[in-house]
Amino acid sequence: MEDREPLLAARSEESRTNGHVAWSTHTLESKAVEDFRRRLKYFFMNPCEKYKARGRKPWKLMLQILKIAIITVQLVSFGLSNQMMVTFKDENLMTFRHLFLKEYKDPRLGSYALYTKADVYDHIYYIINRYTSLQNLSVGNLAYESVDGKYSPLSVCQVFYRNSSIDPGNDTFDIDPHIETDCMSIYPKQSLDNNSLAAHVNFSLDFKRLLSVNIYLNLKTINLQTVRHHELPDCYDFHIMIVFDNRAHSGKIKVDIENDVRIYECRDWNVEGTSGKNNYLLLLFDSVVILACLTSLILCTRSVINGIQLQFEFNVFFHAYYNKIVTWSDRMEFVNGWYILIIVSDTLTIAGSVLKIGIQAKFQTNYDVCSILLGTATMLVWVGVIRYLGFFKKYNLLILTLRAALPNVFRFCCCATMIYLGYCFCGWIVLGPYHDKFRTFDKVTECLFSLINGDDMYATFLQMRDKTYMVWLFSRLYLYSFISLFIYMVLSLFIAVITDTYETIKHHQQDKEPFSQLQAFIAECRDQPESGRYQTDDDPSTCCLSPCGCFG
């Protein structure tokens with residue numbers, strides 16, 4: 001900012017007199033102008049050039065490299081723990097299905113459903129009997145939940161309409177749509193067969209009014225597999241709900257199990273030869289990650305702010321000397337996208353690390369949110385490695401193409417999305433009742449996106465073969481037009497937009513032509529990094545502005 005006042009004072013009068021000043025060192029002979037141009041050139045140097053220019057070691061660049069290593073180690077460590085947790089939950093869910101669902105079979109062989117009243121009663125009694133004698137049946141470490149020394153009961157709740165009178169033979173019905181729930185409780189340690197259970201409790205179902213039968217039960221267990229990975233085992237509460245779904249009243253009652261899990265620290269534990277030292281080391285490591293990311297976040301935020309300030313300086317300078325407004329693309333050159341990428345990555349890593357510490361301390365068990373935060377942050381960190389490759393001209397071509405093509409690609413995608421959504425809504429409404437892949441709107445979007453990429457085309461056509469002639473004919477016109485339009489036209493134009501940008505940038509690089517007015521102005525500075533012209537007595541903060549100061 002110190003250069004701006006003498007710079008404007010020296011050239012403002014000349015700008016008013018001449019109107020337009022050519023971009024030439026013969027015209028702009030002011031020392032202040034040359035210093036400003038040199039300052040801009042230094043700002044856009046890579047870390048190696050900056051080291052040659054001022055001899056400053058890229059400590060902050062080393063911090064970024066260290067951060068990549070520790071974040072990756074943190075993610076791998078958490079990923080293994082998360083994998084064990086998810087595997088344990090899934091295997092227990094499968095165990096519950098085989099324990100409580102009579103003659104359970106793989107859902108890929110067909111949906112698990114009941115069709116007669118006798119089967120419904122039989123399956124409900126079967127679940128109750130299996131629950132009461134669970135510890136004699138299961139090979140796992142399952143136990144009943146107890147509250148104040150008393151076992152939690154199994155609850156059988158039937159949900160039904162308050163009143164209904166239905167006579168399909170006479171095409172008449174009278175129904176009160178208000179929903180009521182009636183529950184009964186069965187405590188463990190009761191050995192009851194079907195007949196004694198029917199006599200023991202007053203349990204009957206009115207299938208004409210019945211919406212669903214929900215059976216709730218709570219079980220506890222301990223995940224011991226973590227011991228092999230030098231982690232303390234966690235205790236699990238499984239809140240299980242078995243649903244007999246009769247909402248459609250179609251004669252088919254679908255049966256499924258839903259499972260809600262609570263993970264907490266076991267109250268009294270002892271593992272021979274193990275202490276809580278590993279947990280303290282993990283907490284210390286997570287703290288180091290948070291500290292490194294916080295430091296990086298502060299430095300990169302300062303770099304973005306300083307870059308914006310320099311952009312305003314250049315805007316005032318450009319207006320004063322050339323009587324023009326700096327284009328938006330030139331102004332965005334000062335806001336390095338890599339800094340934004342690092343700021344987002346650091347923020348996600350700090351949030352994910354805090355959640356990870358909470359999970360290790362058993363304050364909370366939101367593994368999914370923590371996985372998303374840490375996984376996204378690590379992905380962005382590794383994407384940022386492209387920055388290093390950008391120091392080489394051939395690799396930098398990819399980065400320049402992506403950046404230059406992004407606005408055109410975004411506009412093109414907005415137009416293509418309108419057509420895509422039109423096909424999605426049409427397919428959902430017309431083909432949804434007849435085709436599994438078009439049953440819901442999200443399935444339609446996934447199916448059409450797969451078709452664009454040439455995936456599973458024949459199977460999509462094949463499933464519509466046995467439908468009515470009108471639907472079959474519409475499905476053919478719909479699928480043929482969509483595939484032809486998006487694969488042969490939209491996708492080809494999309495590739496052409498990127499290819500055209502690539503060829504343009506490649507041509508500019510071969511001819512060594514500047515891409516913008518800003519680059520043309522900086523190109524006037526012929527001073528090499530080794531020239532010593534970039535050394536300053538008062539050390540400005542531009543080192544923190546540079547890639548050296550944040551990511552390289």
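None of these values were measured; they are calculated from a predicted model.
In this structure, Ser185 and Ser155 approach most closely via the heavy-atom pair OG-OG, 4.0 Å. Between Ile70 and Ala292 the shortest heavy-atom distance is CD1-CB, 4.0 Å. Between Cys370 and Ile359, the closest heavy-atom pair is CB-CD1, 3.9 Å. Taking each heavy atom of Lys356 and Leu374 in turn, the nearest pair found is CD-CD1, 4.2 Å. Contact detail for Cys157 and Tyr216: the closest heavy-atom pair is SG-CE1, 4.0 Å. Across all non-hydrogen atoms, the minimal contact from Val383 to Trp338 is O-CZ3, 3.9 Å.
In this structure, Tyr131 and Phe100 have tilted ring planes: the angle between them lies in the 30° to 60° band.
Leu297 pairs in a side chain to side chain contact (heavy atoms under 4.5 Å, CB included) with only one of the listed residues (Thr349, Ile342, Ile343), which is Ile343. Phe160 pairs with exactly one of Asp182, Asn246, Leu211 by the side chain to side chain contact (heavy atoms under 4.5 Å, CB included) rule, that one being Asp182.
Centroid-to-centroid, the aromatic rings of Tyr151 and Tyr144 come within less than 6.0 Å. Aromatic ring centres of Phe438 and Trp428: separated by at least 6.0 Å.
Under the side chain to side chain donor-acceptor pair (under 3.5 Å) criterion, Thr440 pairs with Asp442, sequence neighbours left out. Among residues two or more places apart in sequence or in another chain, the ring-ring contact (aromatic ring centres under 6.0 Å, His included) test is passed with His98 by Tyr104. Asp260 pairs by the side chain to side chain donor-acceptor pair (under 3.5 Å) definition with nothing, not counting sequence neighbours.
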Could you walk me through whether Ser296 and Gln64 pass side-chain hydrogen bond (donor to acceptor under 3.5 Å, both in side chains), step by step?
CA-CA 7 Å; Ser296 173; Gln64 297 301 321; 2.7 Å; yes
Please walk me through it: do Asp346 and Leu294 pass side chain to side chain contact (heavy atoms under 4.5 Å, CB included)?
CA-CA 7 Å; Asp346 289 338; Leu294 185 61; over 6 Å; no
Verdict with supporting geometry, Phe486 and Leu451, side chain to side chain contact (heavy atoms under 4.5 Å, CB included)
CA-CA 9 Å; Phe486 274 85; Leu451 290 177; over 6 Å; no
Please walk me through it: do Lys254 and Lys252 pass side chain to side chain contact (heavy atoms under 4.5 Å, CB included)?
CA-CA 6 Å; Lys254 294 177 288 186; Lys252 175 182 178 180; 4.0 Å; yes
Please test Thr221 against Asn141 for side-chain hydrogen bond (donor to acceptor under 3.5 Å, both in side chains), starting from the C-alpha separation and ending with a verdict.
CA-CA 6 Å; Thr221 188; Asn141 296 316; 5.4 Å; no
Verify side chain to side chain contact (heavy atoms under 4.5 Å, CB included) between Tyr236 and Asn92, making sure each step is shown before the conclusion.
CA-CA 11 Å; Tyr236 287 68; Asn92 273 275; over 6 Å; no
Go through the steps to decide whether Arg162 and Glu180 satisfy the test salt bridge (Lys or Arg N to Asp or Glu O under 4.0 Å), and finish with yes or no.
CA-CA 6 Å; Arg162 179 181 296 173; Glu180 294 183 348; 3.3 Å; yes
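Looking only at atom types and distance, the side chain of Gln74 has a donor-acceptor partner in the side chain of Ser353 under 3.5 Å away. Side-chain contact annotation: Asp245 with Ser212, donor-acceptor N/O pair under 3.5 Å absent.
The distance from the CG atom of Leu493 to the OG1 atom of Thr499 is 11.0 Å, given to the nearest 0.5 Å. Taking CZ from Phe238 and CD1 from Ile263, the interatomic distance works out to 8.0 Å, rounded to the nearest 0.5 Å. Rounding to the nearest 0.5 angstrom, the gap separating the OH atom in Tyr367 from the CD1 atom in Ile372 is 15.0 Å. Separating the CG atom in Asp256 from the CD1 atom in Ile242 is a distance of 10.0 Å, to the nearest 0.5 Å. Taken from CG in Asn214 to CD in Glu258, the straight-line distance is 8.5 Å, to the nearest 0.5 Å. The distance from atom CD of Gln158 to atom CZ of Arg209, rounded to the nearest 0.5 Å, is 8.0 Å.
Counting only residues at least two apart or on different chains, the side chain to side chain donor-acceptor pair (under 3.5 Å) pairs with a member in residues 376-385 are Thr72-Trp382.
Counting heavy atoms from C-beta on, the side chains of His123 and Tyr112 come closer than 4.5 Å. A 4.5 Å side-chain heavy-atom check between Pro153 and Ile186 finds every atom pair outside the cut-off. Between Ser152 and Tyr187, every side-chain heavy-atom pair lies at or beyond the 4.5 Å cut-off. Under the 4.5 Å side-chain criterion, counting only non-hydrogen atoms from C-beta, Leu473 is not in contact with Met470. A 4.5 Å side-chain heavy-atom check between Asn218 and Asp237 finds every atom pair outside the cut-off. A 4.5 Å side-chain heavy-atom check between Val430 and Val471 finds every atom pair outside the cut-off. Taking 4.5 Å as the limit, some side-chain heavy atom of Cys293 sits within range of a side-chain heavy atom of Lys67. Counting heavy atoms from C-beta on, the side chains of Ile290 and Val288 never come closer than 4.5 Å.
By the neighbour-count criterion of 12 heavy atoms within 6.0 Å, atom CZ of Arg262 is densely surrounded, having more than that number from other residues, nucleotides or ligands. Residue Lys208 qualifies as open at atom NZ: its count of foreign heavy atoms under 6.0 Å is 12 or below.
Distance alone, capped at 3.5 Å, places no donor-acceptor pair between the Ser77 side chain and the Val73 backbone. A donor-acceptor pair is defined here as one N or O able to donate and one able to accept, closer than 3.5 Å; no such pair exists between the side chain of His239 and the backbone of Leu219.
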Can you list, pair by pair, the side-chain donor-acceptor contacts under 3.5 Å of residues 113-120, counting residues two or more places apart and other chains?
unit_1, atom_1, unit_2, atom_2, d
Thr116, OG1, Asp119, N, 3.2
Thr116, OG1, Asp119, OD2, 3.0

Contacts table for residues 411-426: side-chain donor-acceptor under 3.5 angstrom, sequence neighbours left out:
unit_1, atom_1, unit_2, atom_2, d
Arg411, NH2, Asn408, OD1, 2.5
Thr417, OG1, Cys413, O, 2.5
Tyr420, OH, Thr445, O, 2.5
Tyr420, OH, Phe449, N, 3.2
Tyr423, OH, Ser481, OG, 3.1

